[in-house]
Amino acid sequence: MPGRIAVEYDQPLAAGGACSTRQAWARVPPEPAPAERAALRQQIRRLLRQNDAVMVSHYYVHPDLQDLAEETGGLVGDSLEMARFGRDHAARTLAVSGVRFMGETAKILSPGKTILMPDLDAHCSLDLGCPPAAFSAFCDAHPERTVVVYANTSAAVKARADWLVTSSCALEIVAALAAAGQKILWAPDRHLGAYIQRETGADMLLWNGACIVHDEFKAFELQALKQQHPQAKVLVHPESPADVQALADAIGSTSAILKAARQMAAKEFIVATDSGMLHQLRAQNPGKIFHEAPTAGDSATCKSCAHCPWMAMNGLADLARVLATGANAITVDPALLPRARQPIDRMLAFTAALRNGRAAAGLVPHLGAA
């Protein structure tokens, strides 16, 4: 298949133990010529109106999809913002530019809506690295623990969880659970889990997963880049390794990184997250300079080179096609929907309480294994 590339990711042989290297694939859509790009953008605008549809685009997808979402009344955001927006918007159809778990989450929250994605084969290494059967066995082995899973997981894994979190609310939720005396079973990202464990002091048992993008940031190369740009502040996503986090001036989710770049007085930044973020960072901060954090040394190879190959599968032509034909509609097993929605609703209720200045301590029940 033209443009198809192999993608390696890790999958634990046993929870918390060694990992084997597995291989998936991604395809790279061709870049449209300027005239084709303009025509596709106009076609998508028309199809959105005709289909009572709205776009939701993640920060990591192509700038064309981010810009078009904003221009047509949709949203560019992180997975928590996308979840809220999709649940609350009146449109009957959501066009989700991102990776598959994001479309599934939208469908779980809005089962009566049509959820379309440009490419259903756009996966996530964290999702692939946490198979439902193996994760269920991990939960069975530790029934005394509250199960907290990251958004980057399948509907089946979410259905086994007590809580869903994103990187923008994980610290607060785990801290509340720990304060209530609960022990945590965490999945799938080990770097984010270890960061939360350090920050909260919670008793956490970690699944051994990682994001192929963030896992490749290298502390020794980041230190060298800092020496080249001594005035630059370092912004790091907590899915990055601990030694990379140790060099950060700010650690946080995609939305937190955007906020830090706006609010910090620095004019120069080094950014350790997917390079798709640079579009919004530069658009929101004219006059500031942003450098990609290094994923490897000179002449070395890397799996992702700071950009998710599955996020890169989203393109204008495929979005126009699915809006025109209704292809690539997300489905979720109806038997999973009620149970998968509970941990998401808990997260949204918790974060809403925090936004409104209400105490959230009463929102942290332990459900036990499903």
Side-chain angles (χ1 to χ4, degrees), residues 5 7-10 26 28 31 58-67 76-78 124-126 167-168 171 189-196 198-199 210-312:
I5 59 172
V7 183
E8 292 184 349
Y9 67 97
D10 290 335
V28 181
E31 279 285 323
H58 194 270
Y59 291 122
Y60 295 166
V61 300
H62 195 287
D64 284 347
L65 294 167
Q66 296 186 45
D67 292 344
V76 178
D78 62 21
C124 168
S125 58
L126 287 168
S167 51
S168 59
L171 278 173
D189 190 279
R190 63 179 180 269
H191 298 308
L192 177 58
Y195 167 72
I196 295 166
R198 289 193 302 271
E199 292 295 311
C211 166
I212 61 170
V213 176
H214 295 94
D215 192 44
E216 291 200 336
F217 290 120
K218 302 295 189 293
F220 69 97
E221 290 291 341
L222 177 54
Q223 185 64 61
L225 188 60
K226 280 170 57 74
Q227 291 173 0
Q228 295 174 33
H229 302 279
Q231 302 305 313
K233 299 297 183 182
V234 179
L235 309 177
V236 174
H237 194 284
E239 290 176 29
S240 306
D243 56 356
V244 173
Q245 295 179 28
L247 297 173
D249 295 290
I251 300 173
S253 66
T254 48
S255 53
I257 286 173
L258 283 168
K259 182 178 180 180
R262 289 194 304 268
Q263 294 184 346
M264 294 176 79
K267 297 298 183 182
E268 191 173 9
F269 297 87
I270 300 170
V271 183
T273 191
D274 190 291
S275 61
M277 273 288 292
L278 296 178
H279 178 63
Q280 288 293 324
L281 284 165
R282 289 166 177 156
Q284 295 182 21
N285 300 278
K288 294 187 177 184
I289 299 170
F290 296 92
H291 307 282
E292 292 182 25
T295 57
D298 293 340
S299 76
T301 59
C302 61
K303 294 177 185 175
S304 68
C305 299
H307 188 44
C308 174
W310 293 295
M311 288 286 189

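With a 4.5 Å cut-off on side-chain heavy atoms, Trp310 and Val7 count as touching. At least one side-chain heavy atom of Thr273 sits less than 4.5 Å from a side-chain heavy atom of Tyr60. Residues Val213 and His307 have side chains not in contact (no heavy-atom distance under 4.5 Å, counting atoms from C-beta outward). Using a 4.5 Å cut-off on side-chain heavy atoms (C-beta onward), Leu281 and Ile257 make contact. Counting heavy atoms from C-beta on, the side chains of Asp215 and Pro241 come closer than 4.5 Å. Between Asp274 and Tyr59, every side-chain heavy-atom pair lies at or beyond the 4.5 Å cut-off. Taking the side chain as every heavy atom from C-beta outward, Val271 and Leu278 approach each other to under 4.5 Å. In this structure the side chain of Glu221 never reaches within 4.5 angstrom of the side chain of Leu225, judged on heavy atoms.
From Asp78, atom CG reaches atom CE of Met277 across 9.0 Å, with rounding to the nearest 0.5 Å. To the nearest 0.5 Å, the span separating OG1 on Thr254 from NE2 on His237 amounts to 5.5 Å. With rounding to the nearest 0.5 Å, the separation of CE in Met311 from SG in Cys124 is 7.5 Å. Atom CD of Gln263 and atom CG of Leu258 lie 11.0 Å apart (nearest 0.5 Å). Distance check: Gln228 CD to Ile270 CD1 gives 8.5 Å after rounding to the nearest 0.5 Å. To the nearest 0.5 Å, atoms CZ (Arg262) and NZ (Lys288) are separated by 9.5 Å.
The nearest pair of heavy atoms linking Leu65 to Val61 is CB-CG2, 3.9 Å. Taking every heavy atom of both residues into account, Ala210 and Leu126 meet most closely at C-CD2, 3.4 Å. Residues Pro238 and Ser167 share a closest heavy-atom pair of CG-CB, 4.4 Å. Taking both residues in full, the closest heavy atoms of Val244 and Ala219 are given as CG2-N, 3.7 Å, listed atom of the first, atom of the second, then distance. Taking both residues in full, the closest heavy atoms of Ala293 and Leu222 are given as CB-CD1, 4.4 Å, listed atom of the first, atom of the second, then distance. Shown here for Ala260 and Ala250, the closest heavy-atom pair between the two residues is CB-CB, 4.2 Å.
For the residue pair Tyr195 and Ser240, no side-chain donor N or O sits within less than 3.5 Å of a side-chain acceptor on the partner.
The list of ring-ring contact (aromatic ring centres under 6.0 Å, His included) pairs with a residue in residues 250-269, not counting sequence neighbours, reads Phe269-Phe290.
Evaluation of the side chain to side chain donor-acceptor pair (under 3.5 Å) rule for Glu239 yields Tyr150, His214 as partners, not counting sequence neighbours. Looking at residues two or more places apart in sequence or on another chain, you find a side chain to side chain donor-acceptor pair (under 3.5 Å) between Gln245 and Arg198.
When each of His279, His58, Gln280 is paired with Gln66, the side chain to side chain donor-acceptor pair (under 3.5 Å) condition holds for Gln280 and for no other. Applying the side chain to side chain contact (heavy atoms under 4.5 Å, CB included) test between Leu171 and each of Leu192, Ile196, Ile251 identifies Ile196 as the sole match.
Side-chain atoms of Lys218 come within 3.5 Å of backbone N or O of Thr295 as a donor-acceptor pair. Judged by distance alone, with hydrogens and angles left aside, the side-chain atoms of Ser125 form no donor-acceptor pair with the main-chain N or O of Tyr9 at under 3.5 Å. The backbone N or O of Gln231 sits nowhere less than 3.5 Å from a side-chain atom of Lys233 that would complete a donor-acceptor pair. Between the side chain of Ser168 and the backbone N or O of Ser253 there is no donor-acceptor pair closer than 3.5 Å.
No more than 12 heavy-atom neighbours from other residues, nucleotides or ligands sit within 6.0 angstrom of NZ on Lys259.
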